[in-house]
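Just so it is clear: chains get the letters A, B, ... in the order the sequence lines come, proteins before strands, and each one is counted from 1.
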There are 2 protein chains.
Amino acid sequence: MKTIADIAKLAGVAKSTVSRYLNGGSVSEKMKQRLEAIIEETGYTPNTFAQSLKAKRTNMIGTIVPHLDSYEISQTLTGIDNELRKWNCHMLVTNTNQNIEREIEILYMLAKQRVAGIILLAPQITDAHLQAFNEITVPVLLVGQQHEEVHSLVHNDEEAGYAIGKYIIEQGHRRLAFLGVGEENEAIGIKRKEGFKRAVREANGCEVHFFETGFTMEEAAEGALAVFEGYFPSALICATDDIAIGAVKAAYKKGMHVPANISVTGFGGYAITKMMNPALTTVKLHFMEAGETAARNIIKLANGEDIPKLTYSNFEIIARESVDKRFVPG
Amino acid sequence: MKTIADIAKLAGVAKSTVSRYLNGGSVSEKMKQRLEAIIEETGYTPNTFAQSLKAKRTNMIGTIVPHLDSYEISQTLTGIDNELRKWNCHMLVTNTNQNIEREIEILYMLAKQRVAGIILLAPQITDAHLQAFNEITVPVLLVGQQHEEVHSLVHNDEEAGYAIGKYIIEQGHRRLAFLGVGEENEAIGIKRKEGFKRAVREANGCEVHFFETGFTMEEAAEGALAVFEGYFPSALICATDDIAIGAVKAAYKKGMHVPANISVTGFGGYAITKMMNPALTTVKLHFMEAGETAARNIIKLANGEDIPKLTYSNFEIIARESVDKRFVPG
DNA sequence: CTGAAAGCGCTTACAG
DNA sequence: CTGAAAGCGCTTACAG
């Protein structure tokens with residue numbers, strides 16, 4: 001392994017000159033070419049630790065996720081990693097397994113490890129988070145949730161909720177059910193529901209009942225079973241694709257056909273939604289692009305550049321087979 | 001930020017003593033307690049870069065994956081990360097997007113970054129890989145594939161293929177089709193198929209046709225359509241769950257019912273297989289446990305300990321709804 | 001058991 | 001534009 005001293009000796013200059021060349025300092029044109037040739041030839045690459053020890057900063061972006069096993073997280077990570085690579089940065093992933101205390105711990109630990117920035121995919125932001133953000137000097141970017149005190153990148157959940165609500169109403173549905181999650185998750189638990197409510201408010205003569213369940217397909221299947229007790233909506237709007245998958249399963253278990261007996265929609269645009277029987281109508285969120293944008297944003301932040309406090313990521317309605325058209329009398 | 005010098009001064013000793021304390025060198029009992037108290041109180045933690053600069057090694061395990069968006073990869077990563085945490089190590093994930101050249105590049109790059117070890121989830125091992133393994137001094141552990149020259153951890157693909165073959169034959173099926181992938185992937189393309197073949201060989205009067213497709217659900221759907229042209233198996237054995245999902249989709253498209261008209265099995269035990277209609281009979285591979293074992297093994301390797309060249313991870317058949325019993329005449 | 005010193009491979013004022 | 005020197009925060013022989 002060559003060091004900067006080797007290169008300096010080979011070039012007949014001081015280490016500082018080599019260092020300056022490497023970091024874009026002022027070096028004569030002649031010297032530049034000489035050094036370029038030598039570095040090329042020797043395959044020299046600077047030792048990252050020595051750099052970090054001085055510069056007090058690494059080329060790693062810490063990424064904190066609540067779990068690793070969902071389409072949403074995978075896609076977002078893929079986007080982050082792809083973009084980071086372009087900037088010669090690495091992604092240091094840590095999984096909190098939904099444990100908030102661990103999340104806080106990791107925030108401090110990553111800061112100590114001097115990552116250049118932290119991308120946080122957290123289901124909720126608590127006071128402990130806020131305190132951590134303040135105490136560490138590393139820039140933080142929230143993805144999927146927003147908070148006024150932190151830079152955030154979110155899917156436009158309210159608008160998306162509105163759009164799917166409007167779509168389902170346009171298809172003629174008037175007896176609706178919304179199967180969501182707890183309000184501690186602002187983006188999914190509140191925003192999507194509020195957007196949907198807004199669409200309902202604008203329409204005429206809708207009956208809507210709201211239900212709550214968990215994030216797993218199994219919980220959702222049970223949650224959907226609860227929906228079907230006593231209330232018979234013509235359409236069930238689910239707050240995530242996994243919830244919709246559980247709901248479809250529950251419907252079949254009840255002997256109901258989708259969409260003949262009940263229409264179901266999801267939220268996310270997971271790959272599997274296309275392959276289901278019936279293929280699921282859903283709101284596609286662009287997770288990979290969001291990840292790329294997040295990476296770009298955190299790098300800007302790490303470089304001391306300014307970015308808007310809040311960035312929105314887009315969505316689109318994907319109409320497939322799980323929604324039936326209903327005739328609206330009158 | 002406190003440094004080792006601060007602690008030394010506070011304790012009235014030399015830095016070397018503090019360092020020795022930290023690294024388990026010989027320190028008097030009295031001094032140990034004094035230092036423990038001071039470190040506790042100041043919240044001192046050593047600077048990782050300075051450590052790495054000297055020790056020439058980090059507490060990071062590089063993990064190379066072909067993509068991020070599959071149940072298999074997610075679960076394996078979760079297992080790796082969980083276990084690594086127990087050993088105070090971090091997971092540095094890099095996604096190659098199925099690009100072999102990138103894979104090689106990253107191998108060298110991680111070595112340069114002085115990761116303590118590398119876990120490689122690669123679909124295939126080429127000569128370029130082997131050369132890289134030899135040139136870098138960092139220990140490497142292969143997961144999912146095996147090679148005699150490298151430490152490997154694999155699912156017992158041959159046995160698993162045998163088991164599902166045996167199962168399907170026990171259910172009375174005799175007209176079979178196997179929908180697999182290319183042989184460049186040894187574990188999935190060869191081993192699973194060979195195990196299956198062995199089961200068929202042991203049975204009487206089976207007719208089997210072999211087909212090949214890609215890894216995505218979409219490719220598999222097309223691949224399955226090709227199967228159904230001219231040949232009408234009573235059971236279709238798929239080399240992965242994603243392929244099985246595509247096959248089910250294709251069957252429905254053809255107006256065939258699963259399992260009434262055709263039985264289908266998968267391979268993997270993805271979460272979604274339980275929620276499909278019908279729920280998929282499959283070979284469950286224990287990805288998360290495999291990840292944990294992989295992490296434990298690479299750490300041993302990094303510490304210079306010896307481990308067996310080849311470790312097997314277990315599997316189990318999960319019988320669900322996608323396979324019908326057939327009556328075998330006499 | 002403990003300490004002084006050198007050195008890991010860089011960067012960064014400071015002179016020139 | 002270039003170089004000598006100090007220093008980043010550790011660890012590790014080597015003495016004592």
Side-chain angles (χ1 to χ4, degrees), chain A residues 1-36 38-39 42-60 88 109 111-116 137-138 302-304, chain B residues 1-36 38-39 42-60 88 109 111-116 137-138 302-304:
Chain A
M1 269 294 179
K2 296 277 178 217
T3 71
I4 198 171
D6 298 326
I7 305 301
K9 199 179 297 169
L10 249 33
V13 296
K15 292 185 298 177
S16 22
T17 303
V18 181
S19 175
R20 240 177 274 119
Y21 166 75
L22 257 18
N23 296 290
S26 53
V27 181
S28 72
E29 195 51 44
K30 219 162 89 185
M31 186 52 70
K32 268 186 196 163
Q33 302 192 351
R34 180 122 127 257
L35 287 170
E36 189 182 352
I38 294 178
I39 288 174
T42 55
Y44 164 75
T45 48
N47 178 310
T48 349
F49 307 122
Q51 287 181 313
S52 303
L53 184 55
K54 286 299 292 188
K56 306 215 178 254
R57 183 234 231 215
T58 63
N59 62 347
M60 289 186 301
N88 232 290
M109 188 191 301
K112 207 204 81 191
Q113 290 246 4
R114 302 243 172 62
V115 295
T137 52
V138 177
N303 290 335
Chain B
M1 271 291 181
K2 297 276 177 218
T3 72
I4 197 171
D6 298 326
I7 305 301
K9 197 179 299 170
L10 248 33
V13 294
K15 293 185 297 176
S16 25
T17 304
V18 181
S19 175
R20 242 177 272 117
Y21 166 76
L22 257 17
N23 296 290
S26 53
V27 180
S28 72
E29 196 51 44
K30 220 162 89 185
M31 187 52 72
K32 268 187 196 162
Q33 300 191 351
R34 181 122 127 260
L35 286 171
E36 188 182 352
I38 293 177
I39 288 173
T42 55
Y44 165 75
T45 48
N47 178 312
T48 350
F49 306 123
Q51 287 182 314
S52 304
L53 184 56
K54 285 300 290 186
K56 306 215 176 257
R57 182 233 232 217
T58 62
N59 63 347
M60 288 186 303
N88 231 291
M109 188 192 300
K112 207 204 81 191
Q113 289 245 3
R114 302 242 173 62
V115 295
T137 53
V138 177
N303 290 335

Upstream residue (5' side of DNA chain D) when A/V27 and A/K15 are each assigned their closest nucleotide
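Its nucleotide being nearer the 5' end, the pick is A/V27.
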At 4.0 Å (heavy atoms only), tell me whether [X] reaches a base, stays on the sugar-phosphate, or touches nothing.
| X | result |
| --- | --- |
| A/S28 | sugar-phosphate |
| B/S26 | base |
| B/S16 | base |
| A/Y21 | nothing |

Stems in DNA chain D: runs of 3 or more consecutive Watson-Crick or G-U pairs, distances under 3.5 Å?
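DNA chain D stems, ordered by first number: C:1-3 with D:14-16, C:5-12 with D:5-12, C:14-16 with D:1-3.
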Both B/G12 and B/K54 contact DNA chain C. Which one's nearest nucleotide lies toward the 5' end?
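It is B/G12 whose nearest nucleotide is closer to the 5' end.
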Nearest nucleotide by nearest heavy atom, which residue falls closer to the 5' end of DNA chain C, B/V13 or A/A50?
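The 5'-side residue here is B/V13.
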Taking the side chain as every heavy atom from C-beta outward, state whether [X] and [Y] have any atom pair closer than 4.5 Å.
| X | Y | result |
| --- | --- | --- |
| B/F49 | A/T58 | yes |
| B/Y21 | B/M31 | no |
| A/T42 | A/D6 | no |
| B/L35 | B/I7 | yes |
| A/N47 | B/L53 | yes |

Do you know which two heavy atoms are closest between B/V27 and B/K32, and how far apart they sit?
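Minimum heavy-atom separation between B/V27 and B/K32: O-CE, 3.7 Å.
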Contact summary for B/P46 and B/L22, nearest pair of heavy atoms
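Closest approach of B/P46 to B/L22, heavy atoms only: CG-CD2, 4.3 Å.
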How would you give the extent of chain B contacts on DNA chain C, as first and last nucleotide 5' to 3' within a 4.0 Å heavy-atom cut-off?
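With heavy atoms of chain B under 4.0 Å away, the range is C/dC1 to C/dG9.
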Counting only heavy atoms not in A/K2, do more than 12 sit closer than 6.0 Å to its NZ atom?
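Counting neighbours around NZ of A/K2, 12 or fewer heavy atoms of other residues, nucleotides or ligands fall under 6.0 Å, so no.
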